[in-house]
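A quick write-up on the structure given underneath.
Counting begins at 1 with the first residue of the sequence.
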Amino acid sequence: MEPARGWNGYARQERPPPCPEPPGVTPGSAEGWRGERPRSEEDNELSLPGLAAAYTSILRALGEDPQRQGLLKTPWRAATAMQFFTKGYQETIADVLNDAIFDEDHDEMVIVKDIDMFSLCEHHLVPFVGKLFSMKQQQALRADISILNQLTLHTGSVMDLAPGSELSSAYSSLKPPVHIGYLPNKQVLGLSKLARIVEIYSRRLQVQERLTKQIAIAITEALQPAGVGVVVEATHMCMVMRGVQKMNSKTVTSTMLGVFREDPKTREEFLTLIRS
């Protein structure tokens, strides 16, 4: 009997081949990074009922009644939300880049920084985003949450986040940064496409280390630049909401390829510019 296979085409007990390493990366050479499209819109429609049924089972297992008014549509809402959170499985880098690679005699560093990034930790299915709050903002947040909890208990309703409030300011201060730099080699990429590459890979079940590397290798495949640098700084809700529950912890990962890895001065220039 043929072994059961996962969405990536490999047997469940079989390890996929290792990711490609520079130098020698050529466009399209690593299908796992650039050409894979494990899910389509049609797949979404077909899998939605089963996904919703799974959420119904989860609600029951938690001791809830899926038939009570507030939860009647929750399984469908959760299922469609999860499909959106993981919509990166429906796109490839080739889809996004399209005709956005241009011949240009520019040999100075190109940097796009502070790119928003929201992803799901594949170990706990909870988000990881960017920097969390300062201590002052945390205190204000706890105070506002306490007030909201009291109002909810007494009125049975939840207040909206009013613009300008301490709570709204604390939430709006979330700054999930991804910083990307590359040194062109006769070709440049439309700036918005760098953010789209981040979106494709972050909208999948991820670990931050792999996400950082996938972004860098996708840019290397697309442009064959002299070098690429990617830095991701994120806060993981699996460390904030559960487990060690450390509000101020953050994780920084980087991938440096080409001259960004080989030349300390180039690397230092990149790291200085993204922090300026």
Side-chain angles (χ1 to χ4, degrees), residues 1-14 16 36-92 95 116-130 132 141 144-146 148-161 167-168 171 174 176 198-208 210-211 214 234-247:
M1 178 182 291
E2 185 178 351
R5 295 184 175 271
W7 60 260
N8 59 3
Y10 295 98
R12 295 195 184 279
Q13 301 302 319
E14 178 184 348
E36 137 191 340
R37 191 202 311 275
R39 204 174 80 203
S40 66
E41 289 287 350
E42 292 77 13
D43 292 332
N44 278 352
E45 294 178 10
L46 291 172
S47 65
L48 186 59
L51 191 55
Y55 276 109
T56 299
S57 298
I58 290 173
L59 290 173
R60 287 200 182 97
L62 293 174
E64 268 291 356
D65 177 13
Q67 297 304 310
R68 70 176 176 86
Q69 185 180 27
L71 294 178
L72 276 175
K73 295 184 179 180
T74 295
W76 285 91
R77 292 191 190 104
T80 54
M82 182 58 74
Q83 287 182 339
F84 178 81
F85 296 154
T86 59
K87 65 187 178 72
Y89 290 122
Q90 298 166 216
E91 296 179 293
T92 68
D95 295 334
D116 290 351
M117 182 276 295
F118 302 90
S119 192
L120 284 179
C121 164
E122 67 180 31
H123 301 143
H124 302 96
L125 299 186
V126 294
F128 61 93
V129 286
L132 208 58
L141 181 61
D144 277 358
I145 289 176
S146 176
L148 283 173
N149 287 339
Q150 292 176 33
L151 287 170
T152 301
L153 287 172
H154 285 89
T155 66
S157 62
V158 178
M159 291 177 61
D160 292 329
L161 297 180
L167 186 58
S168 176
Y171 276 113
L174 280 171
V198 173
E199 182 76 359
I200 284 180
Y201 287 120
S202 64
R203 293 295 187 176
R204 300 181 179 194
L205 302 184
Q206 279 288 9
V207 295
Q208 185 176 328
R210 182 172 68 236
L211 170 63
Q214 284 178 324
T235 293
H236 292 246
M237 294 299 109
C238 57
M239 289 185 65
V240 173
M241 300 173 64
R242 58 165 298 282
V244 293
Q245 299 181 56
K246 299 301 181 184
M247 290 282 287

Whether Tyr89 side chain and Gln83 backbone form a donor-acceptor pair below 3.5 Å = no

note = CG of Asn44 to NZ of Lys87, rounded to nearest 0.5 Å, is 11.5 Å

note = CZ of Arg77 to CG of Leu72, rounded to nearest 0.5 Å, is 9.0 Å

ask   = From Tyr55 OH over to Leu71 CG, what is the distance, rounded to the nearest 0.5 angstrom?
value = 14.0 Å

ask   = Among Gln208, Arg203, Arg204, Gln206, whose side chain to side chain contact (heavy atoms under 4.5 Å, CB included) with Ser119 holds?
value = Gln206

task = Would you mind reporting whether Thr86 and Leu205 have side-chain heavy atoms less than 4.5 Å apart?
result = yes

query = With Glu42, which residues qualify under side-chain hydrogen bond (donor to acceptor under 3.5 Å, both in side chains), at least two apart?
reply = Ser40

key: Heavy-atom closest pair, residues Phe85 and Leu120   = CB-CD1, 3.9 Å

key: Over all atoms of both residues, closest heavy-atom pair of Pro75 and Leu59   = CG-CD1, 4.0 Å

inquiry  = Tell me the closest heavy-atom pair linking Pro49 and Trp76, and the distance in Å.
reply    = CA-CH2, 3.9 Å

inquiry  = Minimum heavy-atom separation for Arg39 and Gln90, please, with both atom names.
reply    = NH2-OE1, 3.0 Å

request  = Report yes if some heavy atom in the side chain of Arg210 is under 4.5 Å from a heavy atom in the side chain of Tyr201; otherwise report no.
outcome  = no

key: Heavy-atom side-chain contact between Ser202 and Leu211 under 4.5 Å   = yes

